[in-house]
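As structure tokens, the structure follows; a few thoughts come after it.
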Amino acid sequence: MTAAVERATIDDILDRLKHLPGGLLPILHEIQGAVGYVPRESVPDIAAGLNLSRAEVHGVISFYHDFQTEPSGRSRIQLCRAEACQAVGARALERHITAQLGIGLGETTADGAVSLESVYCLGNCACGPSVRIGDEIHARVTPARFDELRGHLQAEQS
Amino acid sequence: MITVYVPRDTTACAVGADAVAAAIEAEAGARNIEINLIRNGSRGLFWLETLVEVSTAQGRMAYGPVTASDVPQLFDAGFHEGRASDLFLGPTEQISYLKNQQRVNFARAGVIDPLSLEDYQAQGGYAGLTRALVLTPQAMVDEVKTSGLRGRGGAAFPTGIKWQTVLDTPAEQKYIVCNADEGDSGTFADRLLMEADPFQLIEGMTIAGLAVGATRGYIYLRSEYPRAHTVLNAALATANDAGYLGEDVAGSGKAFELEVRLGAGAYICGEETALLDSLEGKRGLVRPKPPLPAVAGLFGQPTVINNVLTLATISSIFEKGADHYKNFGTGRSVGTLAVQLAGNIKQGGVVELAFGATLRSLLEEFGGGTLSDRPIKAVQVGGPLGAYLPETQWGLPLDYEAFAAAKAMLGHGGVVVFDDSVDMLEQARFAMEFCAVESCGKCTPCRIGSTRGVEVIDKIRAGEQRDDSLALLESLCETMALGSLCAMGGLTPSPVRSAIAHFPEAFGG
Ligand SMILES: Cc1cc2nc3c(=O)[nH]c(=O)nc-3n(C[C@H](O)[C@H](O)[C@H](O)COP(=O)(O)O)c2cc1C
Ligand code: SF4
Ligand code: FES
């Protein structure tokens, strides 16, 4: 997305949603959905549209784990680190994934293919370890199963 | 025509239900067999997913766990005629895991097409609203009080009393807010209900609105539940079109508008006042009480905030009557509890039972032991702020008061099982780490204490000044328990202390 298109997209979202009561979260979700992240340059516009200070908007963006101010990888992989998944091997899976991707949680691979994030529960706790890729949730993700899923991703992206 | 059911629930799809559905359609097509494929919710018997069902003259027959590659053999064996084969489980309703439950909230889960309003109505749906419409607001609140219903979000506060406060507080605008943040690890009952039977929640919220005089409602849904989001939005559109929501609810002349709002990945936003701040578009900071949300809640207005299951239960209380509901349960724990068996368990899923069953019966009779076939060592009940229970405590009955007396918490009913390979020091450390990551930051004991807690536990693991470190950890726990504004900081000591008390060997003792 060019800077101009990005700006037009964000202006459009603001026009549509700025009158919603408590609309800041829906606006940030839409911006992140459309642009892939919430560009720092958009904060003044969002603040002006909602009659908030920049500090308030920035405070909200940084409070929530979902919102990011940098572009993330082409695929977002979220690994469940919570207790029910720990009980079936999530810690070993985390070691495997970070080693395979060569990045830590909260990082993006150098080629921009994948971002790895932690998440605390995906509601799939009877069949963990759980991993979310995009909007798909995967169950019983062993290290081998992860490699398979990553293979699918690489095939899709190439 | 043969009707085949393949769940479209998060867990079912996570183990491959979409591929199973596609394989069934393809195979049926290739064999010239006409089928009507319905994507139902899930029965919540997650260890059997993908659980495929076929309608027969003898009722619905179940097959599971089915993978896409099993499908050709299933057809060979005549599954489309309900015939027995390798994966045959018999009539669905006779599967003991299901048969031995007392399903109120989950009676329709997996039975119906979640988005079919006709299915919902055919199974008692909207009968509750019809009954409610002829009652006065006070009579409606009285019905909830009589039922004895207590909130299912964790704190078990009597719902009728909360509603009475909202009814009695005059205001231009009141709100109904559904807490669908379900952040506890090991819980998925809210998710199952929203994905498998969304109209039940919508109906319950509508009744709540009529009872207290609120014309607007919000479902605050965690963003980790994309499928529930899709289902709820579709169900809301259908309910609006059918006149069950909007300006004139079911021809009553009364308005109730309902909308879903997504959270953004913050555990603390499950706490009701932080949730309200988040709904207002702010950071999710916990508010001091008073004022109660019932008096000054969303945008400062009187607000009913209840858990998904609490509000869903309202539908059945109004459908079948408060007295019917009161028959379930024990002592002050009235009704049924949706237990969620999770973690290292062979037969994980949702088990809805009247209060009073023991934890052991759940682990053994329903759960069937660990998935790893090793002995169970510890069970964490009630989410990340809940205690770790050793075998000596598995005789506890599932009852709010009995758990509280044992310094444990039933919470939202999550039961997470660990086998004997678990490192309890690591679990205690995680409790502190989670608190440090998810603290809203408002109070020092929670924000700083949890970070210090992680450091001290690392020292204990390294064997540094073990006795002093353990004493320091206990004093940190004491400060957090006494000096925190909400249960995040206040109860994080619970998993830590229970791990130390019951599994001292993990701490070098
Ligand atoms: C840290 C924390 C997290 C909570 N998370 C949830 C949650 O995810 N879902 C929920 O329904 N209640 C949660 N609660 C409880 C709510 O604050 C509140 O008691 C509940 O929404 C009231 O509804 P109920 O009376 O129907 O249970 C949480 C409480 C705390 C302190
Ligand atoms: S205890 Fe923690 S989460 Fe609760 S209000 Fe204080 S800082 Fe926030
Ligand atoms: S704990 Fe991992 S999905 Fe719930």
Side-chain angles (χ1 to χ4, degrees), chain A residues 17-18 20-30 32-33 38 46 50 52 56-68 78 80-92 117-132 134-141, chain B residues 10-11 13-16 46-47 49 182-188 190-192 222-228 261-267 269 278-284 298-299 340-345 348-350 371-372 380 383-384 414 416-419 422 426-427 430 434 437-438 440:
Chain A
L17 300 181
K18 70 180 175 199
L20 271 189
L24 183 52
L25 263 70
I27 287 171
L28 295 174
H29 272 302
E30 286 237 0
Q32 178 143 316
V38 183
I46 300 172
L50 294 177
L52 296 170
E56 282 171 302
V57 175
H58 180 73
V60 169
I61 294 173
S62 58
F63 182 84
Y64 295 96
H65 301 306
D66 279 3
F67 300 130
Q68 293 169 334
Q78 293 184 315
C80 177
R81 296 187 73 230
E83 291 90 339
C85 286
Q86 293 166 7
V88 286
R91 286 197 182 90
E117 296 165 23
S118 49
V119 66
Y120 296 96
C121 194
L122 293 163
N124 181 49
C125 334
C127 297
S130 311
V131 167
R132 175 174 173 180
D135 272 350
E136 290 300 316
I137 290 161
H138 302 272
R140 303 204 200 284
V141 183
Chain B
T10 294
T11 290
C13 291
V15 299
F46 289 131
W47 92 100
E49 295 293 359
E182 195 166 59
D184 290 358
S185 165
T187 64
F188 37 75
D190 294 351
R191 179 186 68 63
L192 177 64
R222 65 199 303 256
S223 61
E224 291 85 349
Y225 285 180
R227 196 166 293 270
R261 286 287 177 89
L262 274 190
Y267 178 75
C269 290
S278 183
L279 259 183
E280 291 179 9
K282 304 175 190 156
R283 290 182 293 159
L298 186 61
F299 303 114
Q340 297 127 88
L341 291 177
N344 194 335
I345 188 95
V350 172
L371 188 65
S372 56
Q380 187 179 30
V416 177
V417 177
F418 294 81
D419 75 10
V422 64
E426 196 61 44
Q427 296 311 121
F430 177 79
F434 184 69
V437 174
E438 297 295 334
C440 85

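Letters A, B, ... mirror the listed sequences (proteins, then strands); counts begin at 1. Computation of the quantities below employed the complete heavy-atom set of this structure, encompassing side-chain atoms and omitting hydrogens, waters and symmetry-equivalent molecules.
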Ring pair (Phe, Tyr, Trp, His ring centres under 6.0 Å) between Phe434(B) and Tyr120(A), worked out: CA-CA 9 Å; Phe434(B) 184 69; Tyr120(A) 296 96; 5.2 Å; yes
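For chain B, the nearby part of Val119(A) is the side chain; its heavy atoms alone come within less than 4.5 Å. If you measure heavy-atom distances from Pro21(A) to chain B, the contacts under 4.5 Å come from both the backbone and the side chain. With a 4.5 angstrom heavy-atom cutoff, Phe46(B) touches chain A via backbone and side-chain atoms both. Residue Val422(B): no heavy atom, backbone or side chain, is found under 4.5 Å from chain A.
Counting only heavy atoms from C-beta outward, the side chains of Val437(B) and Arg81(A) never approach each other to under 4.5 Å. Here the side chains of Tyr64(A) and Ser278(B) are in contact, with some heavy-atom distance below 4.5 Å. Put simply, the side chain of Glu426(B) does not reach to within 4.5 Å of the side chain of Gln86(A), judged on heavy atoms.
Residues passing the side chain to side chain contact (heavy atoms under 4.5 Å, CB included) test with Arg227(B), sequence neighbours excluded: Glu136(A), Arg8(B), Thr10(B), Cys13(B), Asp18(B), Glu195(B). Legend: residues meeting side chain to side chain contact (heavy atoms under 4.5 Å, CB included) with Glu280(B), ordered by chain and number and at least two apart, are Asp277(B), Lys282(B), Arg287(B), Leu298(B), Phe299(B).
Here the side chain of Arg191(B) pairs a donor or acceptor atom with the backbone of Gly123(A) at under 3.5 angstrom. Judged by distance alone, with hydrogens and angles left aside, the side-chain atoms of Ser185(B) form no donor-acceptor pair with the main-chain N or O of Cys121(A) at under 3.5 Å.
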